[in-house]
Amino acid sequence: MSVNDDKSPLCPYRKVPDHMILSGGKNNRYWVLDVTERPGHKTLTISCHKSLHPTETCLLKDGWEMTPVCSGDVVHLEGFSDGGSWLVDREQGFLVLLPDSLISGTSISSSIRCMRRAVLGDIFDGGSKQMLNGTMVHEVFQRAAMAKDFSLETLSKLADQAMHSPHPSNSRAPSRHQDSGTVVTVTELADIEENVWCPRFGLKGKIDVTAHVRIQRPQNGSHRALEERTVPLELKTGRESNSIEHRSQVILYTLMSMERYNPEAGLLLYLKTGSLHPVVASHMDRRELLKLRNTLVHHIHNCVEKESERSRLSRLPDILTNRQTCQYCPQRRNCALYESEDVVRDFLQEETGHLTPPHLSYFSHWLLLCCLEAATMEAKNGRKRVWLQTVKESEKNGSCVGNLQLSVPVTIQSEGVFLHRFHRSSVAPQHGLANNGLGSGDRIVVSDQEGRLVGLATGYLCEVSRTSISCTLDRDLSKFSGVLFRLDGDEGVVGLSTHLTNLSRLMENCQDSDRLRELVVDLRPPEFIFNLSSVLPREAKDTVANILKGLNKPQKQAMKKVLLSKDYTLIVGMPGTGKTTTICTLVRILHACGFSVLLTSYTHSAVDNILLKLKRFRVGFLRLGQGQKVHPDILPYTEESARKKGVHALSELEQLYNKELVVGTTCMGIKHPIFTRRRFDFCIVDEASQISQPICLGPLFYAKRFVLVGDHQQLPPIVQNQEARSLGMDESLFKRLELHSEAVVQLNVQYRMNRQIMSLSNSLMYEGRLECGSERTASALLSLPFLHSVQSELSCYSQTHPQHDLAWIQAALSPSNPVCFLDCSMAGCKPSDIGVIAPYRQQLKSISALLQSSAFIGVEVNTVDRYQGRDKSLIVLSFVRSTVEEGNLGELLKDWRRLNVAITRAKHKLLMVGSATTLRRYAPVEKLLNHLQQENMISFKNTPWFYHSAFLNSQFSHKTNLQLKHIELTL
DNA sequence: TCTCTGCTCAGAGGA
């Protein structure tokens with residue numbers, strides 16, 4: 001991208017976005033306002049103030065002028081500035097482009113050979129058998145080393161051997177280790193797999209081994225100076241190459257641990273030969289590696305570019321012309337796929353030769369969508385606050401707790417899970433910990449407060465009390481017991497690598513992928529067989545017939561369709577139609593027929609919902625996934641707990657993986673090793689209409705047939721990037737395949753809502769197709785056992801206070817009572833039967849805050865999105881919005897599907913609150929209001945913002961059961 | 001404008 005393109009008269013780089021953090025000093029962050037290029041050098045106009053005043057300049061030369069820095073970028077500068085003018089050249093200074101995007105050491109070292117591969121490697125996952133082997137050898141070595149059963153001796157010996165020999169190694173690269181008399185001895189292994197985030201150089205990595213070494217240098221002839229140091233040690237299990245890549249990795253680790261240990265040099269150990277190479281970096285080495293980092297980060301950040309308001313994929317760095325190098329590249333396929341529109345080199349042609357233009361464009365379309373979405377997620381990612389904001393600043397927005405001291409001992413909870421307890425040091429006891437924004441279960445990252453040890457460990461919060469915090473971490477921090485810690489909430493940087501890996505796999509030249517491509521991309525109509533008897537084993541017939549007994553007609557149809565399918569079936573589960581029951585029954589039938597089933601959904605809770613039901617019917621299953629996320633009642637079925645009983649041999653593991661016909665996991669859980677071997681007869685995906693296409697594809701690779709269950713009239717997949725959404729990223733696979741109506745079965749008989757509530761959804765979305773399953777459902781009313789006494793109390797009240805005839809509504813309307821809640825407890829409604837729904841999280845926060853009293857414990861306050869798939873007897877739905885101006889409308893309420901979900905959660909009574917005039921501006925809500933009006937369900941037309949729909953008894957009984965204490969009315 | 005679930009992760013090796 002040429003810099004000049006960006007310098008339009010309406011230059012946007014004159015304004016720094018709000019989320020940007022700039023600073024001067026050692027860990028500086030400069031905003032680039034302007035770039036001017038002359039032959040041989042480049043001058044940046046920069047500022048470290050958000051006001052962009054005053055400005056400084058930075059002169060780049062001796063190769064640094066090739067840095068792909070643009071106006072609007074953030075840079076970090078190392079070196080010196082002379083009165084506001086920086087110089088970065090051959091001898092001095094570094095420029096770190098986009099320093100808060102931490103790039104891993106391996107990415108950079110792999111970019112030495114092929115920048116394109118490094119960029120692709122950042123986008124897609126890759127891997128090979130050799131790598132798995134390497135991982136295992138690493139693990140064995142590191143464990144043995146830490147256990148010290150062979151480590152110290154062996155390592156010291158290796159070190160000695162290597163260092164004492166006159167030519168330290170058979171290195172091909174020039175060794176900068178000049179003083180041949182120096183002896184390095186490894187005295188202790190300080191750590192393994194140490195995690196380092198180094199925002200100063202924009203680097204991150206995991207250091208295989210952190211070693212204490214003794215260095216003896218010759219000094220004045222016979223006299224020897226002793227020096228102790230901590231250095232990074234990189235293990236290599238493969239062939240000893242002492243290659244530039246390997247050495248560069250060590251140099252990068254040395255650089256990124258500078259603030260921790262100031263190591264000066266690092267070590268490279270080849271386990272095969274046992275030779276140890278010291279790697280000392282020169283300024284040149286660091287300079288060139290940082291330049292590579294800058295180029296890499298530029299490509300990663302600019303993977304999409306705008307051309308006249310439309311985004312498209314940027315060009316990647318060129319393909320190498322070296323067939324030899326490309327032959328073994330794990331990114332071959334992606335490399336060829338990315339270039340679909342251009343001429344691909346002949347030796348890459350075989351990667352895409354089997355694909356048609358529609359296949360290629362499906363791939364690049366979704367790649368673009370994912371890149372757009374990833375960019376938005378990256379921009380919102382608050383991880384950089386961990387190193388850019390002080391504890392004080394971060395504590396203010398509730399995402400951080402500082403001044404923490406570690407209480408020893410640290411206990412081991414399970415393998416690789418360490419239970420830590422921190423207490424707030426007396427240094428800053430302003431307020432307790434409990435009122436912080438962090439809560440139990442939150443993901444956190446632990447760093448030191450000084451900024452030397454950023455990202456020491458990650459884990460989950462367990463308990464937050466007034467003075468102390470306990471959490472499980474991935475590393476034992478007891479050796480840092482003197483350090484003052486900070487603990488930051490970590491939203492996590494989940495890229496879209498699973499999406500893209502699935503997409504890439506869809507394009508693979510193999511049977512499973514060919515078939516899926518045909519169905520998903522080419523939209524080949526699904527096929528069915530005609531005779532059930534050919535699929536139903538004779539011995540299972542009775543069992544199946546028995547299971548079918550409890551089902552209604554459409555549910556039975558669904559079962560039949562699935563059994564007859566050769567490719568796939570789509571089950572539309574309208575609200576309250578018993579989706580979970582249907583899936584559970586389906587699994588039981590398939591199980592009875594001897595079919596294996598892979599049961600998945602996007603969320604852990606959705607998977608567990610079905611498994612909980614299944615458990616009651618004593619259908620065996622294996623649940624994969626992190627124990628922390630699994631429902632407690634399902635825990636006995638996890639791999640984790642099976643392993644606790646003892647799995648020692650490979651055959652036992654294999655037995656564990658193959659034993660159950662039914663396996664349950666999330667769509668993301670398909671990275672599990674079980675899927676390297678096992679295939680299933682059926683894959684069932686629940687909540688499929690909420691899952692994006694690339695993710696939904698994941699589990700489908702492992703089954704012959706699949707069943708998607710969902711309802712595209714309810715919530716779609718969440719897409720944050722507006723452009724990606726407009727280009728169709730929120731279209732689920734469920735929706736895409738729905739055009740084949742022969743594959744669709746509709747569950748339209750519902751057992752949740754009474755007649756009136758159902759009518760709302762019917763008029764809004766389903767055109768009358770939704771039916772009540774029984775008269776009981778249709779006529780069910782809220783049961784309020786003490787209604788009568790409340791009624792008489794109220795009428796008493798209005799008699800003694802005739803002026804307060806409508807006391808409750810007046811209380812609700814009165815400006816002096818801006819926040820109220822419908823309290824039905826007096827009338828006998830259990831708090832757990834009441835749900836409060838609002839579209840906005842902020843709104844819920846304030847509602848919850850007002851429901852602190854013990855009477856309201858059990859009233860669930862949640863977003864529309866969180867309520868999907870669930871119901872309550874009574875729902876209070878707050879529409880929140882009320883604006884007089886013709887301002888922005890906001891996206892959420894424009895979505896028909898969200899409104900549909902919101903109004904179909906209540907079984908017996910639905911109360912809606914909002915401003916009619918405002919809400920009429922949203923087309924979906926307007927349609928709803930028209931229906932309410934027509935059906936006479938609007939109670940208080942004269943008060944423009946109170947609606948109720950429910951059983952239409954007398955108005956009075958309605959009012960009575962609402963002993964109004966607090967209702968949320970935002971005006 | 002404001003809905004939020006997934007995920008440890010960076011690295012594991014070969015020319």
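Proteins come first, then strands; the chains are lettered A, B, ... in the order of their sequence lines, and each starts at number 1.
- For the pair Y253(A) and dA10(B), the criterion of a side-chain N or O lying under 4.0 Å from OP1 or OP2 is not met.
- Note on T237(A): every side-chain N or O is 4.0 Å or more away from OP1 and OP2 of dA12(B).
- OP1 or OP2 of dG6(B) has not a single side-chain nitrogen or oxygen of T498(A) nearer than 4.0 Å.
- Contact annotation: the side chain of I123(A) never approaches that of S497(A) to less than 4.5 Å [non-hydrogen atoms, C-beta and beyond].
- Residue S241(A) has no polar side-chain atom (N or O) positioned under 4.0 Å from OP1 or OP2 of dG14(B).
- Using a cutoff of 4.0 Å between basic side-chain nitrogens and carboxylate oxygens, R260(A) and E194(A) are scored as salt-bridged.
- Comparing dG14(B), dT8(B), dT5(B) by their nearest atom to the side chain of T458(A) picks out dT8(B).
- Contacts of S104(A) with the nucleic acid, taken as non-hydrogen atoms under 4.0 Å apart, involve only primed sugar atoms and P, OP1 or OP2.
- The shortest distance between the side-chain N/O atoms of K204(A) and the OP1/OP2 oxygens of dA10(B) is below 4.0 Å.
- If you measure from atom CG of D865(A) to atom P of dC4(B), you get 5 Å, rounded to the nearest angstrom.
- In this model, the phosphate group of dT5(B) is approached by a side-chain N or O of R866(A) to a distance below 4.0 Å at OP1 or OP2.
- Nearest to the side chain of E245(A), among dG11(B), dT5(B), dA15(B), sits dA15(B).
- Atom NZ of K671(A) and atom P of dA10(B) are 11 Å apart (whole Å).
- The existence of a salt bridge linking E860(A) and R870(A) is confirmed by a sub-4.0 Å separation between a basic side-chain nitrogen and an acidic carboxylate oxygen.
- The side chain of R443(A) sits closest to dC7(B) out of dC7(B), dT5(B), dG13(B).
- Phosphate proximity of dG11(B) to T106(A): present, with a side-chain N or O under 4.0 Å from OP1 or OP2.
- Comparing dT8(B), dG14(B), dT3(B) by their nearest atom to the side chain of K272(A) picks out dG14(B).
- dG14(B) atom P lies 11 Å from atom OH of Y328(A), rounded to whole Å.
- Here G459(A) lies out of heavy-atom contact (under 4.0 Å) with every strand.
- Side-chain nitrogen and oxygen atoms of T863(A) include at least one within less than 4.0 Å of the OP1 or OP2 phosphate oxygen of dC4(B).
- The residue Q690(A) sits apart from the nucleic acid: no heavy atom pair falls under 4.0 Å.
- The side chain of H246(A) contributes no N or O atom lying less than 4.0 Å from OP1 or OP2 of dG13(B).
- Look at D488(A) and R385(A) and you find no salt bridge, because none of the NZ, NE, NH1 or NH2 atoms lies under 4.0 Å from a carboxylate O.
- Looking at K236(A) and D208(A), no side-chain N of the basic residue comes within less than 4.0 Å of a carboxylate O on the acidic one, giving no salt bridge.
- The side chain of E234(A) lies closest to dA12(B) when the candidates are dC4(B), dA12(B), dC7(B).
- Atoms CD1 (I670(A)) and C1' (dT5(B)) sit 16 Å apart, rounded to a whole Å.
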